[in-house]
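Just so we're on the same page: letters track the sequence lines, and every chain starts at 1.
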Amino acid sequence: MTTGEAAARWRSGISLRTHGVYAALGIVIAFNLLFTPNFATVTNVRLQLVQVTPIVVVALGMAVVVATAGIDLSVGATMALAAATLAATIDRGPAIAIAIALLVGVLAGLFNGVLVGVVRIQPIVATLGLFIAGRGFALMIADGRLTEIFDPTIRSIGTKRLVGGFQAGVFVALSLTVIIGVLVRYTVFGKRVVAIGGSPDAARTAGLPVRPSLILVYALSGGLAAVAGVLATARSGAADPSFVGLLIELSAITAVVVGGTPLAGGEIRVMGTVAGALLMQLIFATLIRHDLSDADARMVQALIIVAAVYIQRGRLR
Amino acid sequence: MRGGGGLCPLPPRLDASVVNEPQLIEPVLTAVDVSKRFGGVTALDRVSLGLLPGEVHALVGENGAGKSTLIKVLTGVYAPDDGDIRYRGESVTMRSPRAAWDMGISTTFQEITLVPLMSVARNLYLGNEPRTRWRLLAVNEMNRKATALLRRYGIDIDVRRPVVSFGAGVQQMIAIVRAVSTNARAVILDEPTASLEPREVGQVFGMIKRLRTAGVALLFVSHNLDEVFEISDRITILRDGRCARTSLIADTTKLEVIATMLGRDIAEVRSTGRTSFTRGQEVLDGVVLDAVGLSRRHQLHDVSLSVRAGEVLGLAGLLGSGRSETVKAIFGTQRIDDGSVRVGGKRVRTGSPRSSLAAGTALLPEDRKAEGIVPTMSVRDNIVLMALPQVSRWGFISPGRVDRLVTAFIARLGIKTSGAGQNITQLSGGNQQKALLARLLCIEPRVLLLDEPTRGIDIGAKAEVQALIQQLADQGRGIVLISSELEDVVEGSTRVVVLNRGTVVGELDRDAIDEHKIMELMAAAPSIDAQAIDERADS
């Protein structure tokens with residue numbers, strides 16, 4: 001069997017790379033059901049889901065970016081920008097403030113997209129700019145301070161319990177998962193994005209709109225980061241541009257990779273990404289509950305990331 | 001065609017009068033019946049080649065002939081599966097290019113591999129720098145030695161300047177000096193002139209001649225036959241991984257070499273019916289594609305061609321003649337400096353594949369793996385890729401319409417697949433090619449640019465693709481066909497345009513098309529215009 005055939009077989013159907021995350025998630029849940037007291041309680045399930053919400057939302061955008069063989073380091077900074085904008089414009093009413101905050105996120109993403117798609121800077125470098133400058137802008141908007149938000153609508157988004165006792169954020173994340181899933185499977189845009197990641201030269205020869213698609217992909221990632229920024233702000237009741245979304249780009253990339261989307265692009269696993277985010281969240285929570293130190297828990301996370309990338313190595317030449 | 005004897009004699013059985021000393025001379029570097037396989041593909045099949053001291057030995061062959069594999073076997077990149085590599089009479093095993101280099105076998109590449117911002121002297125002694133007592137770089141000594149070394153080969157330059165400040169010709173010469181500076185006895189020059197301008201080629205040739213006089217064995221890999229005939233003493237021609245012929249340059253002609261590269265016997269009478277082309281009906285209507293004056297520095301010189309509806313225009317030429325560049329320029333995946341393209345009478349923006357597709361021109365690219373298939377996607381997604389807007393509404397794809405379209409094409413072209421959802425890389429080469437053709441046909445193009453549509457696919461699929469091309473022409477489409485298989489061009493085309501070094505050197509119509517004439521045109525040196533154009537552009 002040639003390497004080509006082996007790679008093809010590897011790619012098709014169910015494999016450790018594509019579906020390992022679900023098995024791992026199952027094992028972690030089973031472990032907790034057996035050994036962790038109070039794991040299967042409503043309160044705990046709610047807590048875990050609420051905590052993982054911003055990561056899931058950001059990771060969905062990240063997955064689309066990664067499918068184009070790109071990466072977006074600026075998502076955390078974009079969350080901060082959205083949070084700061086929300087606080088600064090809240091006087092105009094919650095709907096307008098949220099709209100502006102999301103718009104700012106989309107604009108930040110458009111900026112990245114132009115750098116990647118038109119100026120043709122490597123994604124990791126292109127998004128490094130806003131990764132550094134974005135949080136600075138956010139602090140500027142917020143005058144360098146944490147701003148409490150008293151608006152009742154925003155507050156209720158973060159705290160009010162809806163169906164099943166879950167907050168709005170959980171439902172937002174759920175709907176976005178469905179929307180992104182439909183986007184990549186059933187829209188022209190989604191298919192083109194995956195094709196561009198799979199083979200940029202083939203995409204060009206097939207006459208696909210490579211540049212506009214890339215710009216939109218980063219705009220989508222920026223918009224989703226802004227959604228996460230609004231949700232995080234609503235939950236804590238304050239816009240904290242110094243800390244909101246700090247290091248979330250790493251959690252998001254982890255969720256994407258652990259979920260089976262190859263960093264080489266050309267494929268996307270939406271449900272895998274959500275499962276990846278849940279897995280990392282649960283592992284961390286489990287280790288803490290079983291009295292491992294925060295530092296040890298991080299090392300275990302690191303091991304899992306390395307293992308996930310190792311499993312993917314078959315695709316990278 | 002067994003290596004080692006017959007058509008590919010190994011020295012010293014060769015008449016050694018070609019070299020300076022009139023006795024039998026032991027070759028420096030010899031490959032004896034070397035074979036190399038990659039998976040199921042045989043890249044080299046019992047190839048033999050001997051490099052004599054003081055000779056320039058040309059190595060030629062079309063794409064896939066095995067040139068680069070042979071070079072890699074000779075320089076320690078690959079270990080041969082079978083056969084023997086001998087260096088100065090002894091059988092050797094080279095574990096790496098570094099080991100070969102240390103032994104005395106060095107290589108230079110088409111893309112110059114020097115560190116651009118370092119000085120010439122530092123590049124020459126990279127990894128091998130003279131040091132002072134305190135282990136510091138002995139800069140003055142290094143510069144002095146470098147100057148002396150380069151002077152020996154007739155290069156008089158300031159060795160303290162960075163490499164980038166010199167032209168490509170000087171850079172290539174520096175690379176060659178570096179290759180021989182470690183007392184190499186065999187030097188492999190892999191397309192040393194490919195990125196050079198005419199006057200720089202002269203400089204590099206001067207250098208090669210000095211090395212020959214010094215007794216170095218040189219393997220000169222090139223696809224430029226004019227250069228091969230100018231500089232070489234002997235020539236080895238590879239075809240399909242086999243050694244097709246080794247002879248003295250003086251004993252052969254360009255036409256013979258071309259015929260051997262293409263697997264033809266000059267004396268052979270052209271027989272028809274080797275392909276599934278049936279040279280079709282009368283050409284129907286007016287011109288569908290009209291390209292005028294396509295020019296791109298060093299690649300294309302004022303190339304013009306037109307295609308009428310229902311016509312298959314064959315583009316013939318050797319590797320590097322500008323065939324692929326021409327169709328890429330027409331389609332827009334390659335930018336041009338000058339020229340215009342009209343489709344159906346309307347001018348198309350050049351350099352824009354999207355405009356070409358909108359005008360009805362589609363390209364089947366030469367490199368199926370890199371520019372054709374999307375390896376991460378299914379057969380279905382690959383086929384429907386260009387037609388997505390037609391099977392969707394408001395940006396949402398209708399799975400039903402996709403399935404109907406894809407199923408129809410899988411049936412029509414006879415694509416063998418376990419299902420439309422199968423990953424495209426799991427299909428055979430021929431079926432991948434059919435899927436790509438289906439992708440183009442989905443958008444009903446008026447003009448099809450087919451670059452090597454039958455390469456790397458098995459005989460059955462080849463016949464089917466040929467028949468399909470014929471059928472598409474009969475439907476009134478204009479087709480430009482490129483093929484390294486001469487019989488495809490001869491039997492499939494209603495008209496043939498022959499390219500040589502980026503220039504149109506001839507055009508043959510219908511009954512005038514025959515292999516011999518095409519090969520003669522391929523061998524003819526292009527008119528002086530091409531060089532004149534280049535030189536005008538330089539100044």
Quick check: are there more than 12 heavy atoms from other residues, nucleotides or ligands sitting under 6.0 Å from CZ of B/Arg349? no
In this structure, OG1 of A/Thr205 is separated from CD1 of B/Ile373 (nearest 0.5 Å) by 12.5 Å
Indicate yes or no: at least one non-hydrogen side-chain atom of B/Phe396 is less than 4.5 angstrom from one of A/Val182. yes
Which bit of A/Pro209 is near chain B, if near means a heavy-atom gap under 4.5 Å: side chain, backbone, both or neither? both
With a 4.5 Å cut-off on heavy-atom pairs, point out which of B/Ser355, B/Ala370, B/Pro389, B/Ser378 contacts chain A the most. B/Ala370
Report yes or no: does A/Ser199 contribute a side-chain atom to a donor-acceptor pair with the main-chain N or O of B/Val374 at less than 3.5 Å? no
For a side chain to side chain contact (heavy atoms under 4.5 Å, CB included) check, start with the C-alpha distance between A/Lys191 and B/Leu385, then their side-chain angles and the critical distance, and finish with the verdict. CA-CA 8 Å; A/Lys191 289 283 181 203; B/Leu385 191 61; 5.5 Å; no
Does CD1 belonging to A/Ile124 count more than 12 external heavy atoms closer than 6.0 Å? no
Checking B/Arg368 against chain A: side chain, backbone, both or neither under 4.5 Å from a heavy atom? neither
Assess whether atom CD of A/Gln122 is packed by more than 12 heavy atoms of other residues, nucleotides or ligands within 6.0 Å. no
Max heavy-atom pairs within cutoff under 4.5 Å with chain A, candidates B/Ser392, B/Gly372, B/Gly421, goes to B/Gly372
With a 4.5 angstrom heavy-atom cut-off, is it the side chain or the backbone of B/Ile424 that approaches chain A, or both, or neither? neither
So does A/Tyr186 have more than 12 non-hydrogen atoms from other groups sitting under 6.0 Å from OH? no
Most heavy-atom pairs under 4.5 Å with chain B, out of A/Ala206, A/Gly207, A/Ala202, belong to A/Ala202
Using heavy-atom distances under 4.5 Å, tell me whether B/Thr333 contacts chain A through its side chain, its backbone, both, or neither. both
Gap separating the CZ atom of B/Arg354 from the CG atom of A/Leu208, nearest 0.5 angstrom: 7.5 Å
